[in-house]
Structure formats: C-alpha cells, structure tokens
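Keep in mind that the numbers below use all heavy atoms, side chains included, and drop hydrogens, waters and symmetry copies.
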Amino acid sequence: MTSTTTAFRNVQKACLALLFVAAALLDPSAHAAAPSPVPTIVLVHGAFAESLSWEAVIERLLAKGYPVVAVANPLRGLRSDSAYVANLVATIPGPVVMVGHSYGGAVISNAAEGKPNVKGLVFVAAFAPESGEALGELGARFPGSTLGSALVPVALPGGGKDLYVQQAKYREQVAADVPERVAALLAATQRPVAEAAFADKAGAPAWKALPSRFIYGTADKAIAPPLLAFMAQRAGSTHTVAVPGASHAVLASHPDEVAALIEEAAAD
C-alpha cells in the first residue's frame, strides 16, 4: 500500500468521525439527560414542628441517593398550606413520593390530588382525612390524645389564635421516646399552627387514588393510636407499621423504620 493511499484513508476516517460528532450534536436526543428514575422525596412537617424534625430521616435518605425536599409548611390553614405545597411539587421534575407527619398528612393528602408526578404517599403518625372532614372533629372521634392540655394560645393581631406546645410539656406529650437533648431542640424550634387550621374542611383525598403507607407509634399521645389505625385501614394502606411504644415523634425516635417505609414507597 502506497503512502498516498494510506494518507487518503486516514483523511477519510477523520471525515467520517467528524460527521458522527456533528450528527450527535444536532440530535437533541443524543445528548439530552435521561429522566432520573429515582423519585424525589418531599417531606412535609406537621404542627408544633419544623423541617428540622426530619433530620434523621433525611440523613438516611440522602445516604441512599434520594433527592430530598423538606418543605417549610406554612401552618396557616389546611387549604392554603395544601395549595402552597402543591405549587412546590409542581416545580419538581420527575416522580415524587410525598411524606407527611401529623398535620402534614392532611396537607399531602390534599396537595397530591391531581398531581401526575406524585406516585405515592407515606403518612407518619399523620392525619389522613376524608373529604369534608375537619381535623379537630376527626381527632375527637377516638379518645386518647392528651395534647390539648399542653397547648398555649397566642392571640393574632388580625384576630384568631396561634397554638404552640409548652416547652416543659413537649417531651412528655410529643417526644417521650426521644433523647432529652433532641426533644429540647424540637421544643425550642417548633413553629405554632393557626387554630383555624383544625377547623378547615379537607378536600378530595389523594389516598383514594394513590398507594399509601402508614407508620405510627402505639404510645402516641398527640393523635390517638386507634384513630391512626382507623385512618390507615380506611385509606387502604399498602403497608402499615405500628411501632411498639413509639411516641408521636416516631420520625425522630425510629428514623430507620420511617426511612425504610419511604424507600419501599419509592421503589413501588
């Protein structure tokens, strides 16, 4: 083979390589990022709490590679809070699993309704109201909650009241099985909830259309365990975990179990 022929073939190969590169650059499908199959976990805290309450669960989910968004729940009213969370979820690309604690369960149940990217719900010691139910009325159906005696009202300038839990009673009422240091931190960082939020009527619940999972403690003093069991059964829970002796702050005292149930929902 002559040197002229060899040189010609090398040029020919180089031209073909350039054509392949140009075709790849011109074809968006060749270099567009594929949608991530891993769902984003959206965590919604409840009343008398804030996003810090999810800390131990977040650590475990991040370690497994899940994107996590811990929402700052406004705690102003069930309808407005649900609308706020729904708007946030609409900005998240790809599939979403929504997780709610306590009052946050009612929020995710309403916020997920009609959201095609939400693939599942996880209720952590949480309310799961039916359409037209108010949380105050729902909570009174089953005796056992002693949280009311620990609440302190704060008058709002425009009328109405905020409620928060007395710090001295917080651990006993909310986080009895949480280390004292952690319970004190939860008590100090709690955010008050508008009293009117417990009178708002719930909208259409997403748990009627989406697979839902429930986890709660059998020693919950904020929401009576029989009520939690009733709501799980009514929602057709795919998997219900009742943690023996766990408090309302089961997300802080048993983060392994909570994270495992969320991972199960994400893999469904």
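- Using bins of under 30°, 30° to 60° and over 60° for the plane-to-plane angle, the ring pair F123/F214 lands in the parallel bin.
- Counting all heavy atoms, side chain and backbone alike, S102 lies closest to G46 at CB-CA, 4.2 Å.
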Item to check | Stepwise side chain to side chain contact (heavy atoms under 4.5 Å, CB included) test for L75 and F48 | outcome: CA-CA 9 Å; L75 304 180; F48 322 118; over 6 Å; no
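- Of all heavy-atom pairs spanning G100 and I108, the tightest one is N-CD1, 3.4 Å.
- In this structure the side chain of K201 reaches within 4.5 angstrom of the side chain of E137, judged on heavy atoms.
- Using a 4.5 Å heavy-atom cutoff, the side chains of Y170 and L186 are in contact.
- When the side chains of ILVMFWY residues are joined at heavy-atom separations under 4.5 Å, either directly or via intervening members, L151 and F198 end up in a single hydrophobic cluster.
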TODO: For the pair V107 and N73, evaluate side chain to side chain contact (heavy atoms under 4.5 Å, CB included) and give the outcome as yes or no after the intermediate values.
DONE: CA-CA 9 Å; V107 173; N73 191 357; 3.9 Å; yes
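- A 4.5 Å side-chain heavy-atom check between S131 and P205 finds at least one atom pair inside the cut-off.
- T189 contributes a side-chain N or O that, together with a main-chain N or O of L185, makes up a donor-acceptor pair within less than 3.5 Å.
- Between V96 and the choices I41, V69, N117, the side chain to side chain contact (heavy atoms under 4.5 Å, CB included) rule is met once, by N117.
- Inter-residue side-chain proximity for H239 and L261 is flagged as met; some heavy-atom pair is nearer than 4.5 Å.
- A salt bridge links R76 with D162: at least one charged nitrogen is closer than 4.0 Å to a carboxylate oxygen.
- Side-chain contact annotation: H248 with D220, donor-acceptor N/O pair under 3.5 Å present.
- The backbone N or O of A246 lies less than 3.5 Å from no partner atom in the side chain of H254, so there is not a single donor-acceptor pair.
- Rounding to the nearest 0.5 Å gives a distance of 7.5 Å between CG of L251 and OG of S253.
- S212 contributes a side-chain N or O that, together with a main-chain N or O of L210, makes up a donor-acceptor pair within less than 3.5 Å.
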> Passes side chain to side chain contact (heavy atoms under 4.5 Å, CB included), E263 versus L61? Steps please.
Replying inline: CA-CA 8 Å; E263 290 178 52; L61 293 174; 4.1 Å; yes
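- The backbone N or O of A187 sits less than 3.5 Å from a side-chain atom of Q190, completing a donor-acceptor pair.
- A heavy-atom distance below 4.5 Å is found between the side chains of V89 and V118.
- Using a distance-only test at 3.5 Å, with no hydrogens or angles considered, no donor-acceptor pair links the side chain of W207 to the main chain of A232.
- The number of heavy-atom neighbours closer than 6.0 Å to CD of Q166, taken from other residues, nucleotides and ligands shown, is above 12.
- Residue L135 is grouped with residue F142 when hydrophobic side chains (ILVMFWY) are merged at heavy-atom distances under 4.5 angstrom, including chains of intermediate members.
- The shortest distance between side-chain heavy atoms of V38 and Y66 falls below 4.5 Å.
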Verdict with supporting geometry, V97 and L121, side chain to side chain contact (heavy atoms under 4.5 Å, CB included)
CA-CA 6 Å; V97 170; L121 305 172; over 6 Å; no
Please test R141 against E133 for salt bridge (charged side-chain N to carboxylate O under 4.0 Å, His left out), starting from the C-alpha separation and ending with a verdict. CA-CA 11 Å; R141 288 189 192 174; E133 288 181 339; 2.9 Å; yes
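- Hydrophobic clustering places I58 together with V124 (ILVMFWY residues linked when any side-chain heavy atoms are closer than 4.5 Å, directly or through intermediates).
- Taking the six-membered ring wherever Trp is involved, the centroid distance between the rings of F127 and Y103 does not fall below 6.0 Å.
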Before giving the answer on side chain to side chain donor-acceptor pair (under 3.5 Å), spell out for S237 and T240 the whole-Å C-alpha distance, their side-chain angles and the decisive distance to 0.1 Å. CA-CA 6 Å; S237 174; T240 301; 2.8 Å; yes
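- A salt bridge links E130 to K208: at least one charged side-chain nitrogen sits closer than 4.0 Å to a carboxylate oxygen.
- Nearest heavy-atom pair, T218 versus A242, reported as atom, atom and distance to 0.1 Å: CG2-CB, 4.1 Å.
- Atom CZ of R79 sits in a sparse spot, with 12 or fewer heavy atoms from other residues, nucleotides or ligands closer than 6.0 Å.
- Side-chain polar atoms of S53 and H101 form no donor-acceptor pair below 3.5 angstrom.
- Under the 4.0 Å criterion applied to side-chain N and carboxylate O atoms, R60 and D256 are assigned as salt-bridge partners.
- R234 contributes a side-chain N or O that, together with a main-chain N or O of A128, makes up a donor-acceptor pair within less than 3.5 Å.
- Not a single donor-acceptor pair under 3.5 Å links the side chain of S109 to the backbone N or O of G105.
- The hydrophobic cluster containing V154 also includes V152, Y164, under a criterion of side-chain heavy atoms closer than 4.5 Å among ILVMFWY residues, counted directly or through chains of members.
- Looking at R213 and D268, their side chains come closer than 4.5 Å, going by heavy atoms from C-beta outward.
- You'll find the side chain of V99 stays beyond 4.5 Å of the side chain of V44, heavy atoms only.
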